[in-house]
Number of protein chains: 2
Amino acid sequence: MSEHPETTYAVLGLVDKLPGSSGYELAGVAANSLAFFWPVSRTLLYRELTRLSAMGWVEPTRVEQTHAPSKWTYRTTSDGQRALSDWLATPPDSAGSERNPVLLRLFFSYRLPPEQARSLLSGYRDRLEMQRDQLNAISEKLSATATPQARAGWLAARHGVLTIEAALLWVDEAEAFLAEAPW
Amino acid sequence: MSEHPETTYAVLGLVDKLPGSSGYELAGVAANSLAFFWPVSRTLLYRELTRLSAMGWVEPTRVEQTHAPSKWTYRTTSDGQRALSDWLATPPDSAGSERNPVLLRLFFSYRLPPEQARSLLSGYRDRLEMQRDQLNAISEKLSATATPQARAGWLAARHGVLTIEAALLWVDEAEAFLAEAPW
DNA sequence: GTTATCATGTAAAGCGTTACATGATTGT
DNA sequence: ACAATCATGTAACGCTTTACATGATAAC
């Protein structure tokens with residue numbers, strides 16, 4: 001009953017959601033889903049797949065291809081599915097550490113000329129808008145499907161959209177606040 | 001010009017903001033400020049203070065106390081202040097990785113009985129409300145002060161409040177969504 | 001007496017990132 | 001020719017966390 005990092009379950013869940021996928025394919029999916037609330041780098045993803053195979057939670061299968069290199073594909077075993085369910089039932093540990101490098105700078109930005117503080121904010125806005133557009137595109141795609149998997153994905157995307165829009169409103173507020181009385 | 005991790009600058013900025021503080025005191029402040037957008041564990045904070053001292057970016061001073069153990073206090077040097085300004089001017093690297101263990105579970109929650117999915121959401125709401133209350137308390141304290149430092153802190157707290165409130169709205173939505181058609 | 005606050009540290013473990021490496025196929 | 005996609009891996013590094021350790025004072 002040793003505890004594993006959350007990322008292990010993130011990958012296990014992905015395999016379970018997309019049985020018969022290769023690491024490469026899973027990485028592609030992760031980049032458009034997990035990446036928004038639980039980033040997993042490609043290297044780490046491969047390492048977790050190896051680990052999950054060793055633990056018997058997923059079963060690897062070699063698939064030969066003619067048009068591309070051979071690949072490994074994965075499916076959850078019944079042990080893996082049980083482990084996934086068990087983990088899902090455990091309460092998430094306290095607030096996930098949110099790391100926001102923009103806020104970190106803003107927190108000390110009274111040491112910055114006003115113009116640079118402004119550009120910090122507008123850079124943030126640009127990135128938020130891009131993320132929001134990405135998420136909206138994903139949402140639209142998902143809302144076309146009625147499976148539980150797609151609906152769960154849609155909900156997660158919706159969380160992203162709402163919080164990003166709140167952050168965008170904050171940028172407006174912050175700009176006005178600084179314009180009124182810069183430091 | 002070697003690059004240092006963001007946390008090094010987070011601590012440097014803290015020392016600069018509260019000159020003459022001890023590691024212990026800084027840890028207390030960090031828990032009510034940085035923790036919301038750039039968590040720094042106590043152990044790490046101490047290590048960074050040692051590192052910053054070795055680099056000459058902060059100057060440590062021993063202070064003897066009668067009512068408590070002796071302590072080290074720190075102040076930024078002019079080198080440190082320059083380093084802080086330089087870092088502030090560098091653009092934050094791409095989106096900070098947001099890790100949300102609740103969304104991670106929700107993303108796979110179609111494997112969960114509806115009741116447990118609901119309790120996942122209500123647990124999230126509870127934690128969000130606590131955080132919001134904490135942030136509001138901090139905001140109020142800060143809004144009583146008119147220094148640039150306090151105003152910057154207020155802005156950062158405001159970001160937290162707005163995004164948390166958005167997340168709370170999402171919880172309502174998600175509950176309605178699941179109530180309408182559970183999986 | 002026991003809890004809370006003050007105060008600083010060490011050691012181990014491992015998660016996660018970045019860089020490097022390889023090589024076939026398909027399209028322009 | 002050159003870039004893009006498919007596909008998987010290794011190695012090194014180091015940030016970060018968790019657990020462990022110590023010990024004084026003040027309050028209830």
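For the numbers below, each heavy atom of this structure counts, side chains included, while hydrogens, waters and symmetry mates do not. Throughout, protein chains are lettered first and strands after them, A, B, ... in sequence-line order, and every chain is numbered starting at 1. Note that the structure is predicted; figures quoted are calculated from it, not measured.
For the pair Val11(B)/Tyr74(B), no side-chain contact is recorded, criterion being any heavy-atom separation below 4.5 Å from C-beta on. Annotation: side chain of Trp87(B) is in contact with side chain of Arg105(A) (closest heavy-atom distance under 4.5 Å).
The distance between atom CG of Leu26(A) and atom P of dA7(D), rounded to the nearest whole Å, is 12 Å. Between the P atom of dC15(D) and the CD atom of Glu3(B) lies a distance of 12 Å, rounded to the nearest Å. With rounding to whole Å, Leu44(A) atom CG is found 15 Å from dC15(D) atom C1'. Distance OH (Tyr9(B)) to P (dC15(D)): 12 Å, rounded to an integer number of Å. Between the P atom of dT8(C) and the CG atom of Leu49(B) lies a distance of 9 Å, rounded to the nearest Å. What separates OH of Tyr74(A) from P of dT8(D) is a distance of 7 Å, to the nearest Å. As rounded to whole Å, 14 Å separates atom C1' of dT17(C) from atom CD of Glu48(A). Put simply, NE2 on His4(B) is 18 Å from C1' on dT17(C), counting in whole angstrom units.
Nearest nucleotide to the side chain of Lys71(B), out of dA7(C), dA7(D), dT17(C): dA7(C). Nearest nucleotide to the Tyr24(A) side chain, out of dC6(D), dG16(C), dT5(C): dC6(D). When each of dA11(D), dG9(C), dT17(D) is scored by its nearest atom to the side-chain atoms of Arg42(B), the top-ranked nucleotide is dG9(C). Here the side chain of Arg99(B) is nearest to one of dT18(D), dT17(C), dA7(D), namely dT17(C).
The side-chain tip of Lys17(A) points at the ring of Phe107(B) from less than 6.0 angstrom away and within 45° of straight on.
A close approach under 4.0 Å does occur between a side-chain nitrogen or oxygen of Ser41(A) and OP1 or OP2 of dT17(C). Residue Tyr46(B) has no polar side-chain atom (N or O) positioned under 4.0 Å from OP1 or OP2 of dG9(C).
Side-chain contact annotation: Thr77(B) with Glu59(B), donor-acceptor N/O pair under 3.5 Å absent.
Within a 6.0 Å radius of CD in Glu140(B), other residues, nucleotides and ligands contribute 12 heavy atoms or fewer.
No hydrogens or angles were tested; on distance alone, nothing pairs the side chain of Ser22(B) with the base of dT8(C) as donor and acceptor under 3.5 Å.
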Taking it one step at a time, do Glu98(A) and Trp38(B) satisfy side chain to side chain donor-acceptor pair (under 3.5 Å)?
-> CA-CA 7 Å; Glu98(A) 193 170 337; Trp38(B) 203 271; over 6 Å; no
Side chain to side chain donor-acceptor pair (under 3.5 Å) between Tyr9(A) and Asp86(A), worked out = CA-CA 10 Å; Tyr9(A) 296 98; Asp86(A) 288 350; over 6 Å; no
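If you check every strand for non-hydrogen atoms under 4.0 Å, Thr43(B) touches a base.
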For nucleotides 12-14 of chain C, which of its nitrogen or oxygen atoms have a protein nitrogen or oxygen under 3.5 Å away, and what is each distance?
none

